[in-house]
Amino acid sequence: TQSTWGTVERLASMATRMLEVLTKVLAPLRALNNKIVNKDLRKLGLLKEDLYNSSVPEIEIALARISEAERQARNMRLLRAADLQSKHQYLPKELQNYDVERSYLSEQLEIAQREIEDRARF
């Protein structure tokens, strides 16, 4: 009925406003979390994409498509990080100054995701 539809519209409007407020409130926390994560990654010599789970099909495909040198560099970063963590140590400060956001996988990952979606459609 008309009154039910009006109630639904008001609830949807209220939910949208609440989401906008929540997004504004959480933005500083998200930025702080990102800063902390980036600092921890630098301490261990990792890039964000190194943390992607290689058993996920899209990631597995993307990793198979990057260069052998990049794949070896990723494996070495992961091994070094595991070694540092087991010893409760960090990289020297002079080696921690790099961009953890550097991408080596995202282009191939996007292609792999599109291919998987295409296969699912047919």
Go through the steps for L105 and D50 under the test side-chain contact (heavy atoms from CB on, under 4.5 Å), then give the verdict.
-> CA-CA 9 Å; L105 197 60; D50 292 339; over 6 Å; no
Could you state the interatomic distance from CG (L78) to OG (S54), rounded to the nearest 0.5 Å?
-> 8.5 Å
Between R10 and T7, is any pair of side-chain heavy atoms under 4.5 Å apart?
-> yes
One should read off an interatomic distance between L84 CG and L79 CG, to the nearest 0.5 angstrom, of 11.0 Å
Donor + acceptor pair across side chains of N38, K43 (<3.5 Å) = no
Pick one: which of E49, E70, R74, R71 meets side chain to side chain donor-acceptor pair (under 3.5 Å) with Y104?
-> R74
Y52 reachable from V37 in the ILVMFWY side-chain graph, under 4.5 Å edges | yes
Around atom CG of N97, are there more than 12 heavy atoms of other residues, nucleotides or ligands at under 6.0 Å?
-> no
Answer whether the closest heavy-atom distance between the side chains of L41 and L47 falls below 4.5 Å.
-> no
Do Q113 and L109 have side-chain heavy atoms sitting under 4.5 Å apart?
-> yes
Test item: R42 and V100 side chains (from C-beta on) under 4.5 Å apart, heavy atoms | yes
Test item: S106 side-chain N/O and S103 main-chain N/O as donor-acceptor pair under 3.5 Å = no
Is R114 salt-bridged to D118, cutoff N-O under 4.0 Å?
-> no
Closest non-hydrogen atom pair between A62 and A112, with its separation = N-CB, 4.4 Å
Might you confirm whether atom OH of Y90 has over 12 heavy atoms from other residues, nucleotides or ligands at distances under 6.0 Å?
-> no
State whether Y98 and R77 meet the cation-pi test: NZ (Lys) or CZ (Arg) under 6.0 Å from the six-membered ring centroid, and within 45° of the perpendicular axis.
-> no
Taking a hydrophobic cluster as the set of Ile, Leu, Val, Met, Phe, Trp and Tyr residues connected by side-chain heavy atoms closer than 4.5 Å, whether directly or through intermediates, do V56 and L46 fall within one such cluster?
-> yes
E107 atom CD: more than 12 heavy-atom contacts under 6.0 Å = no
Taking T16 for its side chain and A12 for its backbone only, find out whether a donor-acceptor pair lies under 3.5 Å.
-> yes
Side chains of E60 and S55: does their closest heavy-atom pair fall under 4.5 Å?
-> no
Walk me through it: do N34 and E101 pass the test side-chain contact (heavy atoms from CB on, under 4.5 Å)?
-> CA-CA 11 Å; N34 202 30; E101 303 280 343; 4.1 Å; yes
Would you check if N53 and I59 make a side-chain contact, meaning some heavy-atom pair closer than 4.5 Å?
-> no
Is V21 reachable from M14 through a run of I, L, V, M, F, W or Y residues, each pair having side-chain heavy atoms under 4.5 Å apart?
-> no
State plainly whether the residues R102 and D99 are in salt-bridge range, i.e. N to O under 4.0 Å.
-> no
Are R119 and E115 side-chain neighbours, meaning at least one heavy-atom pair lies under 4.5 Å?
-> yes
Distance, nearest 0.5 Å, that separates CZ of R80 from CG of N75 = 12.5 Å
Are any non-hydrogen side-chain atoms of L44 and L91 less than 4.5 angstrom apart?
-> no
How far does CD of Q89 sit from CG of D83, to the nearest 0.5 angstrom?
-> 7.5 Å
